[in-house]
**Student:** 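Input: one structure, supplied below.
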Amino acid sequence: MRDLYITNTLSRTKEIFKPINPGRVGLYVCGPTVYGDAHLGHARPGVTYDVLVRLLRHLGYKVRYVRNITDVGHLEHDADEGEDKIAKKARLDQLEPMEVVQNYTLRYHEAMRMLNVAPPSIEPRASGHIVEQIEAVKKILASGYAYESNGSIYFDVQKYNADHHYGVLSGRNLDDTLEGTRNLDGQSDKRAPYDFAIWKKAEPQHIMRWPSPWGEGFPGWHLECSVMGEKYLGHEFDIHGGGMDLMFPHHECEIAQNVASRGTRGVHYWVHSNMITINGQKMGKSLGNFITLPQLFAGEHDKLEQAYSPMTIRFFILQAHYRGTLDFSNEALQAAQKGLRRIMAAAKDLYALASAAGVERTSVGTEGHPANQMSYGEFITSIAPESSAAENAEVKAIFDGVYDALCDDMNTPIALSHIFDAVRIINTAKDRKLVLSKNDLATLCQIFDDIVFGVMGLRDEDASEGTSAKVIDGLMQMVLETRAEVREQAKQTKDWSKCDQIRDALKALGITVKDGKEGATWTIE
RNA sequence: GGUGCGUUGGCCGAGUGGCUAGGCACAGGUCUGCAAAACCUGCUACAGUGGUUCGAUUCCGCUACGCACCUCCA
């Protein structure tokens, strides 16, 4: 199995990935708090960890991927003083909190499905693990790192920090943290401002509440991930991912809770995906500068010049490394859209070339293959039994380059740069200016099947599917065959009007015809 | 105020102590009845400033600007 390197936030360095159990990976990723539509920012970790999971699986690991849904305990403004986000939304919309949760969970699933993000193995909800969370609170109390205050339980950060280091992940020390923390106005039940709630007493008007040894209340936000991670992945597991903004305090608190409740930090590799910015500023709910995914897909937002397809978004994200910020702009999205189309067009041509050469694709079946909407005209490209050594070398170099890049901290932009080299080679071969051997074609198919469609999870959105697609294919073939005859005549008579007329008429229907050497090809918008 | 990160060509974005991705845009060319596509060529950038070095965009220092976290945020 190929070595995979990944940047571990704990060490701030790229480390070789060694799973706890050979051949198996436990992965936990912080999912959304479902009180609103997912925005472009949510697409980033969605796609990033999807690629990680696909890559691990492709490399041969069995992966258990847990991604939670936060449906209780996440408070606004101040982690311990604000109103529950879900409850607030429910109050404003006059709905049951669980109606809000259900609605936005479904909408989140739909957005992820459109982005071709594979669903997690387990998708636990905080509200479904109240019992486990109460048990964890008891353990933390027993360890001495928490105290009860007026019906709520708080984590005693100072005491914990004396024995362990509160700040191992975010790289800060408690004194520094203290400096920037604003003072509380004596209203708080907390002993210190940096203490955080692991169980919160429910005020009389609070809707979501559960009985506990300390009275009716609800769990603190940070606790759910500790508890659900342990329940489904064990005391210690391999990878924990999330957005960079969750590093502190959320993930830091998680580590502290793990140590306090089960005596281990729990996670071997912490992975963080960076933010998407807009005009250089973080896109976020609190800043109000976000564009939701449904808005992006529909083009309905005053910052959008057009609609952007889910795959355009996915490709846009893939073109940047996950640890860097990525700036949104219409120009950048449009560039992504065009680049993606070029790759997809090359994929179709590659499969046609390979098919003509009798290449059997071994790895078909991953998912998301473009329907082979084939063009009129056969690719009768002559296939040499063995091509020049130089070409073989380049194809091989692309293959190696792609794997090297992906295994080097998931460097998707570099991998894509190699893919574009492949695109160029395919196009050249299509123009008959280059002869690819059967082996070369097989290798290229493997790259597209396994990597472009498999690991990167791209798919051809233009490819039509189903029975109507078959009908269209057949009709188009008839139309273009007829036009080809007209065209042959036109070559003699120099009267191209009929020929162009057909093409214009098709264009009006959204079908673009391109006259190539081997005949005409078409694409539908 | 504390902590950390960044500043790359028209735009987006990689990367490296010397050979200096890729996409998009732009210009020229080839092909083509035209169109489109494709291919070829061109565009050589690393904020400023000192230092280390035979050599720095890449290492170190300083300056400027920007960003993130320290409240909820993917």
Side-chain angles (χ1 to χ4, degrees), chain A residues 12 29-33 38-46 48-49 74-83 85 167 170-173 175-182 193-194 221 241-250 252 272-277 280-287 290 315-316 319-321 323-340 342-343 345-346 349 401 405 411-421 423-424 426-428 430-431 433-434 487 490-491 494-496 499-500 503-504 507 512-517 520-521 523:
Chain A
R12 313 254 157 185
V29 176
C30 290
T33 300
H39 59 72
L40 182 54
H42 292 92
R44 189 101 194 253
T48 300
Y49 298 111
H74 203 165
L75 308 184
E76 289 196 313
H77 309 306
D78 185 292
D80 299 316
E81 305 301 326
E83 186 176 2
K85 286 171 189 266
S170 55
R172 55 187 83 203
N173 63 61
D175 294 336
D176 294 338
T177 305
L178 187 55
E179 280 196 51
T181 312
R182 61 183 176 179
Y194 38 71
W221 175 43
M244 206 79 102
D245 51 353
L246 296 181
M247 194 165 76
F248 189 92
H250 187 55
E252 198 71 71
H272 289 97
S273 58
N274 215 320
M275 302 292 106
I276 286 183
T277 59
Q281 264 204 320
K282 173 181 167 179
M283 185 180 283
K285 289 211 168 159
S286 49
L287 288 166
F290 63 92
F315 184 78
F316 172 66
Q319 267 196 312
H321 187 84
R323 291 189 55 82
T325 56
L326 172 59
D327 200 51
F328 162 89
S329 72
N330 281 283
E331 220 178 343
L333 259 324
Q334 282 156 11
Q337 185 179 49
K338 289 183 184 173
L340 175 64
R342 225 174 119 218
I343 291 178
D349 291 335
N411 199 326
T412 51
I414 290 290
L416 281 171
S417 77
H418 293 302
I419 298 297
F420 276 106
D421 285 339
V423 167
R424 199 193 66 247
I426 292 163
N427 285 331
T428 308
K430 187 194 167 195
D431 281 357
K433 287 171 183 159
L434 173 74
R487 206 153 165 260
K491 277 184 184 171
K494 301 290 172 198
D495 176 17
W496 300 96
C499 195
D500 292 344
R503 193 172 61 190
D504 291 346
K507 182 79 189 168
T512 306
V513 174
K514 295 175 197 166
D515 292 314
K517 276 188 180 148
T521 59
T523 49

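Chain letters run A, B, ... following the sequence lines, proteins first and then strands; every chain starts at 1.
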**Student:** Need the pair for rG9(B). Rule: Watson-Crick or G-U wobble, both distances under 3.5 Å, any strand; none if unpaired.
**Tutor:**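 Checking every strand shown, rG9(B) finds no partner, since no pair has both distances under 3.5 Å.
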**Student:** For rC67(B), give the paired nucleotide (Watson-Crick: N1-N3 plus N6-O4 or O6-N4; G-U: N1-O2 and O6-N3; both under 3.5 Å), or none.
**Tutor:**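 Pairing partner, where one exists within any strand: rG4(B).
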**Student:** What is the distance, to the nearest angstrom, from the CG atom on Asp515(A) to the C1' atom on rG33(B)?
**Tutor:**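 Going from CG in Asp515(A) over to C1' in rG33(B) covers 10 Å.
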**Student:** Taking only the C1' atom of each, what is the distance from rG9(B) to rA14(B) in whole angstrom?
**Tutor:**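 14 Å, rounded to whole Å.
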**Student:** Quickly work out the Lys282(A) NZ to rG6(B) P distance and round it to whole Å.
**Tutor:**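 To the nearest whole Å, that distance equals 18 Å.
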**Student:** Testing the basics here: between Arg323(A) and Asn274(A), what is the closest heavy-atom pair and its distance to 0.1 Å?
**Tutor:**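 Nearest heavy atoms, Arg323(A) then Asn274(A): O-ND2, 2.7 Å.
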**Student:** Please determine, for rG17(B), whether a Watson-Crick or G-U wobble partner exists with both distances under 3.5 Å, and give it or none.
**Tutor:**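 Checking every strand shown, rG17(B) finds no partner, since no pair has both distances under 3.5 Å.
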**Student:** Tell me the closest heavy-atom pair linking Leu75(A) and Gly82(A), and the distance in Å.
**Tutor:**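 Taking Leu75(A) first and Gly82(A) second, the nearest heavy atoms are CD1-O, 3.7 Å.
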**Student:** In the strands shown, is rU57(B) matched to any nucleotide by a Watson-Crick or G-U wobble pair with both distances under 3.5 Å, and which?
**Tutor:**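 Pair assignment: rU57(B) / none.
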**Student:** Grab the CE-P distance between Met275(A) and rA68(B) for me, whole Å please.
**Tutor:**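 My rounded result for the distance is 10 Å.
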**Student:** Please work out if Gly280(A) contacts a base, only the sugar-phosphate, or nothing of the nucleic acid, heavy-atom cut-off 4.0 Å.
**Tutor:**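 Sugar-phosphate: the residue Gly280(A), judged by heavy atoms under 4.0 Å, touches backbone atoms but no base.
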**Student:** Work out how far the C1' atom of rU16(B) is from that of rU57(B), and round it to whole angstrom.
**Tutor:**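 It comes out at 9 Å once rounded to the nearest Å.
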**Student:** Take atom C1' in rU7(B) and the same atom in rA47(B), then report the distance between them in whole Å.
**Tutor:**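 Looking at atom C1' only, rU7(B) and rA47(B) are 6 Å apart.
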**Student:** When all nucleic acid strands are considered with a 4.0 Å heavy-atom cut-off, which category describes Met283(A): base, sugar-phosphate, or nothing?
**Tutor:**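 Contact class for Met283(A): base.
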**Student:** In whole angstrom, give me the gap between the C1' atoms of rG66(B) and rG48(B).
**Tutor:**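 So the two C1' atoms sit 15 Å from each other.
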**Student:** Quick check on RNA chain B: between Thr33(A) and Arg12(A), whose nearest nucleotide comes earlier from the 5' end?
**Tutor:**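 That would be Arg12(A).
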**Student:** To the nearest 0.5 Å, tell me how far Arg424(A) CZ sits from Thr428(A) OG1.
**Tutor:**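 Between Arg424(A) CZ and Thr428(A) OG1, I get 6.5 Å after rounding to 0.5 Å.
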**Student:** Please identify each residue that fulfils side-chain contact (heavy atoms from CB on, under 4.5 Å) with Glu331(A), with sequence neighbours left out.
**Tutor:**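 Here the qualifying residues are Ser329(A).
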**Student:** Using atom P in both nucleotides, what's the gap between rG2(B) and rA45(B) to the nearest angstrom?
**Tutor:**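 These two P atoms come out 38 Å apart once rounded.
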**Student:** Could you pull out the closest heavy-atom pair between Ala320(A) and Thr412(A), with the gap in Å?
**Tutor:**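 Minimum heavy-atom separation between Ala320(A) and Thr412(A): O-OG1, 3.6 Å.
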**Student:** Between Arg503(A) and Asp500(A), does at least one N-O distance fall below 4.0 Å, as a salt bridge requires?
**Tutor:**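 The answer is yes: the pair qualifies as a salt bridge.
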**Student:** So, under a plain 3.5 Å distance rule, would you say the side chain of Asp431(A) forms a donor-acceptor pair with the base of rC31(B)?
**Tutor:**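 For Asp431(A), whose side chain was compared with the base of rC31(B), there is no donor-acceptor pair (under 3.5 Å).
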**Student:** Which nucleotide sits closest to the side chain of Phe248(A): rC70(B), rG33(B), rA74(B)?
**Tutor:**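 Selected nucleotide: rC70(B).
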**Student:** Nearest whole Å is fine: how far is rA37(B) C1' from Asp349(A) CG?
**Tutor:**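 One finds 10 Å between C1' of rA37(B) and CG of Asp349(A), rounded.
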**Student:** Which part of the nucleic acid does Val513(A) contact within heavy-atom distance under 4.0 Å: base, sugar-phosphate only, or nothing?
**Tutor:**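 Answer is base: heavy atoms of Val513(A) come under 4.0 Å of a base.
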**Student:** Pairing check on rU52(B): which nucleotide meets the Watson-Crick or G-U wobble criteria with it, both distances under 3.5 Å?
**Tutor:**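 Per the H-bond distance test, none.
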**Student:** In whole angstroms, how far is the C1' atom of rG4(B) from the NE2 atom of His272(A)?
**Tutor:**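 After rounding, the gap between these two atoms is 14 Å.
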**Student:** Any strand counts, and the cut-off is 3.5 Å on both contacts for Watson-Crick or G-U wobble. Which nucleotide pairs with rA35(B)?
**Tutor:**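 Per the H-bond distance test, none.
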**Student:** Give me the distance, rounded to whole Å, that separates rG50(B) from rA64(B) when you measure between the C1' atoms they each carry.
**Tutor:**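 Comparing C1' positions in rG50(B) and rA64(B) gives a spacing of 15 Å.
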**Student:** When every nucleotide of nucleotides 12-25 of chain B is labelled 5' to 3' by its protein contacts under 4.0 Å (heavy atoms), B for base, S for sugar-phosphate only, - for none, what sequence of letters results?
**Tutor:** SSSS-----BSSSS
**Student:** Provide, to the nearest angstrom, the distance between the CZ atom belonging to Arg424(A) and the C1' atom belonging to rU41(B).
**Tutor:**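 The distance from CZ of Arg424(A) to C1' of rU41(B) comes to 14 Å, rounded to the nearest Å.
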**Student:** Figure out the CZ/C1' separation between Arg323(A) and rA68(B), and round it to whole Å.
**Tutor:**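 About 13 Å, once rounded to whole Å.
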**Student:** With both distances kept under 3.5 Å, what pairs with rA45(B), Watson-Crick or G-U wobble?
**Tutor:**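 By the stated definition (distances under 3.5 Å), nothing pairs with rA45(B).
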**Student:** Test the Arg342(A)-Phe420(A) pair against the cation-pi criterion, namely NZ or CZ under 6.0 angstrom from the six-membered ring centroid and within 45° of the ring axis.
**Tutor:**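 Here Arg342(A) fails the 6.0 Å and 45° test against Phe420(A).
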**Student:** Measuring only the P atom in each nucleotide, how far is rC12(B) from rC31(B)? A whole number of Å is fine.
**Tutor:**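 So the two P atoms sit 37 Å from each other.
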**Student:** Within this structure, what is the CZ-to-P distance between Arg503(A) and rG33(B), rounded to whole angstrom?
**Tutor:**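 It is 12 Å, rounded to the nearest whole Å.
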**Student:** Does some side-chain heavy atom of Arg44(A) sit less than 4.5 Å from a side-chain heavy atom of Leu326(A)?
**Tutor:**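 Side-chain contact under 4.5 Å: yes.
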**Student:** Closest heavy-atom contact between Phe316(A) and Ala332(A)?
**Tutor:**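 Scanning both residues, the minimum pair turns out to be CE1-CB, 3.8 Å.
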**Student:** Quote, to the nearest angstrom, the P distance that separates rC46(B) from rU41(B).
**Tutor:**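 That atom pair is separated by 24 Å.
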**Student:** With nearest nucleotides of RNA chain B determined for Thr428(A) and Ser286(A) from heavy-atom distances, which residue corresponds to the more 5′ nucleotide?
**Tutor:**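 With Thr428(A) and Ser286(A) compared, the 5'-side residue is Thr428(A).
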